[in-house]
Protein chains: 2
Amino acid sequence: MCQSGAAHVLGAYASAVSPKSTPPAPAAPSLTERRKAATQLEIARAAADLFTELGPDATTTEAIASRAGVGLRTFYRYFRNKQDAVGPLLSVGGEHWRARLAATAPGTPLPEALAGAIAESLAVPDEATAAGLRQARGLLRAAADDPALRAVWYQVNQESEDQVRSVLAQLGDRSGEGGGGADPLDVRLAAAASTAAIRIALETWAETDADVEGPGSPADLALRCLRRLLPE
Amino acid sequence: MCQSGAAHVLGAYASAVSPKSTPPAPAAPSLTERRKAATQLEIARAAADLFTELGPDATTTEAIASRAGVGLRTFYRYFRNKQDAVGPLLSVGGEHWRARLAATAPGTPLPEALAGAIAESLAVPDEATAAGLRQARGLLRAAADDPALRAVWYQVNQESEDQVRSVLAQLGDRSGEGGGGADPLDVRLAAAASTAAIRIALETWAETDADVEGPGSPADLALRCLRRLLPE
DNA sequence: AGCCGCAGTGGCAATCTGTGCCATTGAGGC
DNA sequence: GCCTCAATGGCACAGATTGCCACTGCGGCT
């Protein structure tokens with residue numbers, strides 16, 4: 001178990017586990033914290049395996065819980081429902097992306113900041129990250145036949161958009177101190193555009209057999225999409 | 001009953017009722033057809049009422065069916081689930097939008113075509129349309145507190161995006177006969193950008209008390225959003 | 001080391017959701 | 001008026017969720 005391939009595409013779900021205790025400082029996660037994260041990942045993996053093997057419909061919640069080695073009741077303490085269980089695996093790189101974005105040097109033009117953060121968060125530094133992307137690809141392909149699973153994908157993206165929106169709002173406040181930050185509508189649009197760029201890049205990539213790196217990779221596609229949507 | 005306020009925002013759901021029989025020709029809908037449409041709308045209204053009164057969680061499917069005057073079993077013949085029932089009311093104008101878009105004069109620049117169609121589909125020619133928009137606003141506000149309802153909104157938008165995508169693809173084929181149409185990625189991005197423009201316009205409008213027309217209206221906001229996302 | 005409070009867990013019971021099956025009924029064509 | 005068929009309603013059932021309660025190990029205190 002453990003978080004080996006814990007790469008998250010858009011990372012809206014990771015927060016489900018330890019949102020209260022240590023948001024900013026990466027202080028030593030207590031044993032309990034780490035155990036919870038491992039459990040969540042374990043469940044997510046079990047769900048993803050079963051979903052891709054049998055299809056989401058034929059998979060019972062109990063089967064997921066059982067394969068993950070937890071009680072049914074515990075499953076529902078981690079996830080709202082069956083489909084949500086794969087959320088963390090579809091959130092590949094999202095946390096990374098937002099963190100990188102929040103750390104952008106003040107004064108950087110927005111499109112540039114977004115592009116840099118996207119490039120970095122969709123980069124594939126190790127095999128675990130690559131595996132995470134490939135698993136996401138499998139899920140996206142399964143989603144093509146399953147409305148409920150597709151709904152999770154939409155939700156993951158939308159939550160990512162919301163979070164990016166707040167990151168961008170803070171970023172805006174930080175630079176134009178006097179005026180009170182950027183136009184909320186612009187912030188919203190930038191968040192939507194960049195999230196859509198990543199979403200479409202991943203969807204498009206999932207439809208192909210392109211590698212995780214190089215031309216046709218998620219990072220490549222995402223940057224191309226971003227340029228179209230935010231040419232400013 | 002009947003389709004008085006049948007205006008649809010993004011209109012992905014309307015097809016749920018009569019997708020087989022009369023898709024193109026608006027031939028005389030048989031009595032049965034009209035009855036079905038009325039039933040669907042009846043259920044949608046019942047659901048919307050209960051959702052906004054009690055909240056989606058506290059509303060049981062049976063209560064919706066009952067208020068709509070149909071059997072529980074029938075409810076499930078019209079909608080996949082509880083939340084989906086309000087889909088038609090959130091799809092305000094979508095059908096209209098796509099139809100208008102499909103009918104665009106060949107040669108019209110894409111951004112212009114999209115803007116024209118959006119302006120027309122979010123226009124408010126009569127009180128019924130206005131009522132439809134206001135009801136959508138109520139649902140969007142309720143969605144703020146309910147993840148499941150929010151999920152329906154995401155889904156409606158996503159389905160609209162998919163449909164717009166195919167309309168745009170055909171539009172592209174129609175003009176550049178020789179080459180085989182526009183770059184699929186571009187089509188996808190244009191569909192995403194225009195759908196997002198409408199989505200964000202409606203979300204933003206729902207947060208305010210602005211009127212259905214004039215500055216701050218859905219149409220006004222949508223066009224502003226579109227200009228930002230598709231300045232080409 | 002021994003004790004305590006608490007978070008995380010598992011199990012059970014109850015309610016709600018979603019689907020297959022079958023009989024009934026009214027619409028539309030002959 | 002008779003026949004065929006789509007639309008409906010009721011029923012039963014498997015699976016999805018949730019409230020409630022007791023059990024157990026982690027982490028802090030004495």
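Here is how names work: the chains are called A, B, and so on, in the same order as the sequence lines, proteins then strands, and each is numbered from 1.
- Closest contact between the side chain of B:Arg77 and the listed nucleotides D:dC20, C:dG20, C:dC22 involves C:dC22.
- Closest approach of B:Phe75 and B:Lys82 over heavy atoms only: CZ-CA, 3.9 Å.
- Atom-to-atom, NZ of A:Lys82 to P of C:dG18 comes out at 11 Å; the value is rounded to the nearest Å.
- Counting to the nearest Å, the P atom of D:dG19 and the CZ atom of A:Arg80 are 13 Å from each other.
- Using a 4.0 Å cut-off, some side-chain N or O of A:Tyr76 falls inside it from OP1 or OP2 of D:dT17.
- Considering only residues two or more places apart in sequence or on other chains, B:Arg141 meets the salt bridge (charged side-chain N to carboxylate O under 4.0 Å, His left out) condition with B:Asp209.
- Rounded to an integer number of Å, the gap from A:Arg73 CZ to C:dC12 C1' is 11 Å.
- Nucleotide C:dT17 holds its P atom 8 Å from the CD1 atom of B:Ile64, rounded to whole Å.
- Listed pair B:Tyr78 / D:dA7 fails the phosphate criterion, with no side-chain N or O lying under 4.0 Å from OP1 or OP2.
- With rounding to whole Å, B:Phe79 atom CZ is found 12 Å from D:dT8 atom P.
- Between A:Thr61 and D:dA16 there is a side-chain polar atom (N or O) within less than 4.0 angstrom of OP1 or OP2.
- Nucleotide D:dA16 holds its C1' atom 13 Å from the CG atom of A:Asp84, rounded to whole Å.
- For B:Thr60, no side-chain nitrogen or oxygen approaches OP1 or OP2 of C:dC16 to under 4.0 Å.
- Counted by atom type alone, B:Asn157 and B:Ser160 present zero donor-acceptor pairs between their side chains at under 3.5 Å.
- Across the protein-nucleic acid pair, B:Asn81 atom CG and D:dG15 atom C1' stand 15 Å apart, rounded to whole Å.
- In this structure, the CD atom of A:Glu33 is 12 Å from the P atom of C:dA7, given to the nearest Å.
- Side-chain contact annotation: A:Glu203 with A:Trp153, donor-acceptor N/O pair under 3.5 Å present.
- In this structure, B:Glu53 pairs ionically with B:Arg67, as a charged nitrogen and a carboxylate oxygen lie closer than 4.0 Å.
- Using a 4.0 Å heavy-atom criterion, one finds that A:Leu72 contacts the bases of the nucleic acid, with or without backbone contacts as well.
- Within residues 48-59 of chain A, no residue is approached by DNA chain C to less than 4.0 Å at the level of any non-hydrogen atom.
- Here A:Arg188 pairs with B:Glu207 in a salt bridge; the nearest charged N to carboxylate O distance falls below 4.0 Å.
- A:Arg165 has no carboxylate O lying under 4.0 Å from a charged side-chain N of A:Glu161, or vice versa, which leaves the two without a salt bridge.
- Distances shorter than 4.0 Å separate some side-chain N or O of B:Arg35 from OP1 or OP2 on C:dA27.
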